[in-house]
Number of protein chains: 2
Amino acid sequence: MPKRVDHDERRHRIAEALWRLASSRGLDGTSLRDVAAEAGISLGQLQHYFSSKGEMLLFALEHINKLAEARVLERVVPLPEEDRSPRRVLRESIAEMLPLNEESRTGNLVQIAYFVRAVHDERLRRHAREGIPALREFFAGQLRIAAQRGEIAAGRDAETEAMLLIALADGLTSYALLDVHSPGEALRLLDAHLDRLFTPDPR
Amino acid sequence: MPKRVDHDERRHRIAEALWRLASSRGLDGTSLRDVAAEAGISLGQLQHYFSSKGEMLLFALEHINKLAEARVLERVVPLPEEDRSPRRVLRESIAEMLPLNEESRTGNLVQIAYFVRAVHDERLRRHAREGIPALREFFAGQLRIAAQRGEIAAGRDAETEAMLLIALADGLTSYALLDVHSPGEALRLLDAHLDRLFTPDPR
DNA sequence: CGTTTTACAGGTCAATCGTATTGCTATAGC
DNA sequence: GCTATAGCAATACGATTGACCTGTAAAACG
């Protein structure tokens with residue numbers, strides 16, 4: 001047999017070619033031939049690594065989710081102790097999700113392409129249903145710490161506020177992608193929301 | 001010539017057939033033949049009313065937007081004077097946008113299908129860029145009235161809060177469609193946000 | 001009444017899709 | 001060094017797509 005090849009490395013390369021195309025044409029508008037050409041390989045070779053389009057899509061989704069999670073962690077973890085306040089952690093996390101740079105914009109466009117499929121595809125929908133609660137718990141944990149520190153009103157439910165943050169981030173992202181507002185404006189709106197959330201108990 | 005036909009009425013029928021299919025398969029997954037079959041007409045007849053698929057899509061989008069706007073107005077305008085507080089108007093408006101019933105769910109799924117296309121299609125994107133500011137102004141107007149009445153803190157910027165509400169509604173809708181939370185839970189989250197927004201100046 | 005125009009049916013078209021198949025080549029393993 | 005096999009290229013396949021094109025019946029209109 002010929003030289004052994006790192007399968008995962010090849011699959012990642014193909015997934016990244018898929019993202020580049022899907023971010024500008026959607027998943028339906030991206031054919032296997034397109035992906036192969038973008039990755040600089042033949043259709044036959046692509047089929048050697050993915051036995052069907054669905055399999056390729058699923059692999060690419062799991063990969064992009066892992067990368068997105070890693071980027072958030074990479075941004076939050078290195079913060080010096082004194083800057084790692086709940087508010088700062090939440091802000092940096094959400095900012096990393098917003099389409100503030102070209103790479104993130106591509107990622108978000110791909111995520112949306114998957115989102116549409118997920119609405120009709122049970123297998124993909126499960127991914128969303130499993131991922132969001134984990135994020136919500138992370139956010140809620142930060143909010144509970146903030147409540148203990150007296151940085152937010154005691155009456156607020158952490159899980160509720162966490163879900164509101166996620167939904168808001170999602171909406172801000174959508175409208176930024178549509179150029180309804182700029183990415184910077186999305187960040188400003190996020191900060192306005194956080195200002196209101198991180199208000200100590202007024203009474 | 002044969003009996004004159006109400007063109008607009010036929011086109012509306014076709015658009016509604018398109019929605020039914022697009023809400024469960026997406027716009028890309030819906031062929032002209034599918035739409036014709038769903039509408040109970042031949043492909044030839046469909047093409048008699050729409051010279052291209054793109055034209056049909058654009059017509060159906062404009063139609064669904066008009067209907068959505070009309071439904072909001074129908075819900076808000078008949079409210080008795082004493083119930084037409086800014087908070088109530090905003091709540092009912094947003095509730096009408098959430099996928100709380102099957103009809104609204106279908107409408108939202110179609111909207112999302114268009115959203116994905118809009119990201120890549122300049123002509124569709126213009127629709128979004130023109131529609132949202134109008135909605136934001138309507139919301140901002142309600143918020144200014146609330147501020148005059150002293151129902152919300154004076155320091156809040158109406159346009160900012162209006163855009164936050166729209167983005168939040170959008171995010172809540174997305175996650176309701178993915179069954180991350182129930183439509184009822186989306187409404188509860190909206191109310192939680194409104195509770196915080198409609199808090200008189202604490203100082 | 002005759003002509004023109006509208007409303008539609010049906011078929012054809014090239015293009016494109018995902019998938020399946022075949023065959024060659026180079027090397028890992030014995 | 002022989003051979004089995006992983007890696008890949010190339011091609012073919014049937015299905016489906018949106019866009020055309022032609023034919024025909026009927027009724028509106030002069």
Side-chain angles (χ1 to χ4, degrees), chain A residues 1-61 110 113-114 116-117 120-121 123-124, chain B residues 1-22 24-61 110 113-114 116-117 120-124:
Chain A
M1 32 187 151
K3 57 175 187 287
R4 294 297 296 246
V5 160
D6 183 341
H7 267 234
D8 256 16
E9 192 268 341
R10 299 280 188 149
R11 295 173 131 218
H12 288 155
R13 271 197 202 292
I14 294 170
E16 285 153 26
L18 169 66
W19 300 340
R20 266 171 270 139
L21 296 177
S23 71
S24 63
R25 302 191 231 171
L27 288 175
D28 287 309
T30 305
S31 72
L32 292 179
R33 284 162 238 264
D34 292 338
V35 176
E38 174 72 22
I41 64 177
S42 72
L43 174 60
Q45 189 174 353
L46 189 149
Q47 289 183 305
H48 183 69
Y49 291 104
F50 295 107
S51 62
S52 75
K53 185 175 184 178
E55 198 197 325
M56 179 185 73
L57 260 38
L58 202 60
F59 178 88
L61 173 63
V110 175
Y114 275 107
V116 181
R117 285 214 160 207
H120 314 299
D121 184 323
R123 201 143 69 118
L124 290 180
Chain B
M1 31 185 152
K3 59 176 186 285
R4 295 296 300 248
V5 160
D6 183 341
H7 268 234
D8 256 16
E9 191 269 342
R10 299 277 189 156
R11 294 173 135 218
H12 288 155
R13 271 197 202 294
I14 294 170
E16 283 153 27
L18 168 67
W19 299 340
R20 266 172 270 141
L21 297 177
S24 63
R25 303 190 229 170
L27 289 175
D28 287 311
T30 304
S31 70
L32 292 178
R33 284 163 238 265
D34 291 338
V35 176
E38 174 73 22
I41 62 178
S42 72
L43 175 59
Q45 189 173 352
L46 189 149
Q47 291 183 312
H48 181 67
Y49 291 104
F50 295 107
S51 63
S52 76
K53 187 177 183 178
E55 199 196 324
M56 179 185 74
L57 261 37
L58 201 60
F59 178 89
L61 173 62
V110 175
Y114 275 106
V116 181
R117 284 213 159 207
H120 315 300
D121 183 324
E122 167 59 23
R123 201 143 72 117
L124 290 180

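Each chain gets a letter, A, B and so on, in the order its sequence line appears, and its residues count up from 1.
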Go nucleotide by nucleotide along DNA chain C from the 5' end; which of A/Gly44 and A/Gly29 gets its closest nucleotide reached first?
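Of the two residues, A/Gly29 wins.
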Note: for B/Ser42 and A/Gly54 on DNA chain C, the residue whose nearest nucleotide lies more 5' is B/Ser42
Polar atom pairs between nucleotides 12-14 of chain D and protein, under 3.5 Å, N or O only, would you list them?
none

Side-chain donor/acceptor of A/Gln47 to base of D/dC8, under 3.5 Å
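Under the 3.5 Å cut-off, the side chain and the base do not form any donor-acceptor pair.
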Which value, rounded to the nearest 0.5 Å, describes the distance between A/Thr30 atom OG1 and A/Leu21 atom CG?
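Separation between the atoms: 5.0 Å.
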Measuring from atom CZ of B/Phe59 to atom CG of B/Asp8, what distance do you get when rounded to the nearest 0.5 angstrom?
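One finds 5.0 Å between CZ of B/Phe59 and CG of B/Asp8.
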Please check: side-chain N/O of A/Arg13 versus main-chain N/O of A/Ala39, any donor-acceptor pairing under 3.5 Å?
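Looks like no, no N/O pair under 3.5 Å.
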Between the side chain of B/Tyr114 and the main-chain N/O of B/Leu57, is any donor-acceptor distance below 3.5 Å?
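Yes, the answer is positive, given that a donor and an acceptor are paired below the 3.5 Å cut-off.
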When you measure from the side-chain N and O atoms of A/Ser31 to the phosphate of C/dT16, is any distance below 4.0 Å, counting only OP1 and OP2?
no
Counting only side-chain nitrogens and oxygens, does A/Arg10 get under 4.0 Å of the OP1 or OP2 atom of D/dC8?
yes
Grab the [atom1]-[atom2] distance between [X] and [N] for me, whole Å please.
X	N	atom1	atom2	result
A/Phe50	D/dC8	CZ	P	13 Å
A/Leu46	D/dA9	CG	C1'	13 Å
A/Asp34	C/dA15	CG	P	16 Å
A/Tyr49	D/dC8	OH	C1'	8 Å
B/Arg25	D/dT16	CZ	C1'	13 Å
A/Met56	C/dC17	CE	P	12 Å
B/Asp28	D/dT17	CG	C1'	12 Å
B/Gln45	D/dC20	CD	C1'	18 Å

Which of the following nucleotides, D/dG18, D/dC8, C/dA20, is nearest to the side chain of A/His48?
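Comparing D/dG18, D/dC8, C/dA20 against the side chain of A/His48, the answer is D/dC8.
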Give the nucleotide from the list C/dG18, C/dC8, D/dA19 with an atom nearest to the side chain of A/Leu32.
C/dG18
Within the 4.5 Å heavy-atom criterion, are A/His48 and A/Arg10 side-chain neighbours or not?
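The answer is no, as the side chains (C-beta and beyond) never meet within the 4.5 Å cut-off.
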Contact check, side chains of B/Leu46 and B/Arg33, non-hydrogen atoms, under 4.5 Å
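Side chain of B/Leu46 against side chain of B/Arg33, heavy atoms only: no contact under 4.5 Å found.
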Looking at B/Gly29 and B/Asp34, what are the two nearest heavy atoms and their distance?
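For B/Gly29 versus B/Asp34, the nearest heavy atoms are O-OD2, 3.9 Å.
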Base, sugar-phosphate, or nothing: which does A/Ser52 touch, judged by heavy atoms less than 4.0 Å apart?
sugar-phosphate
